[in-house]
Amino acid sequence: MNIPKQIKTAAKSLTDIYGDSFDYLGKYRGKDAYMFRFPDDVDTGFPFVFIHNDNDVTEVTGFDALKIVRLLVKD
């Protein structure tokens, strides 16, 4: 999957530690949503979701990120 450069820049602190791994979630309010994927052996809290539209990136965490993931990820 081709992850936009802006997403990688916004997630640099995560990718420096855990590597470059993202899941495309789908469209959220007309924008592309990506979730940073932590390695399986890492215990984390809330997910990090990045909303991308052209050159604009918004990082979403906490309960708002969970809401986005629940909306877009099917079991």
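Quick note: numbers below take in every heavy atom, side chains included, and nothing from hydrogens, waters or symmetry partners. Since this is a predicted model, take the numbers as computed values, not measurements.
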Roughly how far, to the nearest 0.5 Å, is the [atom2] atom of [Y] from the [atom1] atom of [X]?
{"X": "K5", "Y": "N55", "atom1": "NZ", "atom2": "CG", "answer": "8.0 Å"}
{"X": "E59", "Y": "S13", "atom1": "CD", "atom2": "OG", "answer": "7.0 Å"}
{"X": "I17", "Y": "K12", "atom1": "CD1", "atom2": "NZ", "answer": "10.5 Å"}
{"X": "L14", "Y": "R37", "atom1": "CG", "atom2": "CZ", "answer": "13.5 Å"}
{"X": "L72", "Y": "K67", "atom1": "CG", "atom2": "NZ", "answer": "11.0 Å"}

- Item | Check against side chain to side chain contact (heavy atoms under 4.5 Å, CB included), L25 and V69 | CA-CA 7 Å; L25 299 177; V69 171; 4.2 Å; yes
State, to 0.1 Å, how close [X] and [Y] come at their nearest heavy-atom pair, and which atoms those are.
{"X": "K8", "Y": "T15", "answer": "O-OG1, 4.4 Å"}
{"X": "P47", "Y": "A65", "answer": "O-CB, 3.5 Å"}
{"X": "F50", "Y": "A11", "answer": "CZ-CB, 3.6 Å"}

- Query: With the 4.5 Å side-chain cut-off for hydrophobic clustering, are I7 and F48 part of the same group?
  - Reply: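 Yes, I7 connects to F48 through the hydrophobic network.
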- Message: Is there a continuous path of hydrophobic side-chain contacts, each under 4.5 Å between heavy atoms, that joins Y24 to M35?
- Response: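 Hydrophobic grouping puts Y24 apart from M35.
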- Item | Partner set under ring pair (Phe, Tyr, Trp, His ring centres under 6.0 Å) for Y28, not counting sequence neighbours |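 Not a single residue meets the ring pair (Phe, Tyr, Trp, His ring centres under 6.0 Å) criterion with Y28.
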- Query: Tell me, do K31 and H52 make a side-chain contact under 4.5 Å, heavy atoms counted?
  - Reply: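 They are not in side-chain contact.
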- Message: Is a donor from one side chain sitting under 3.5 angstrom from an acceptor on the other, for D23 and Y34?
- Response: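 No, no side-chain donor-acceptor contact under 3.5 Å.
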- What about the rings of F46 and F63, do their centers lie closer together than 6.0 Å?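 Yes, ring centres under 6.0 Å apart.
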- For residues F22 and F36, establish whether the separation of their ring centroids is below 6.0 Å.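 Aromatic pair counts; centres sit under 6.0 Å.
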- Checking side chain to side chain contact (heavy atoms under 4.5 Å, CB included) for the pair I68/I51: CA distance, chi angles, key distance, verdict? CA-CA 10 Å; I68 294 168; I51 308 298; 4.2 Å; yes
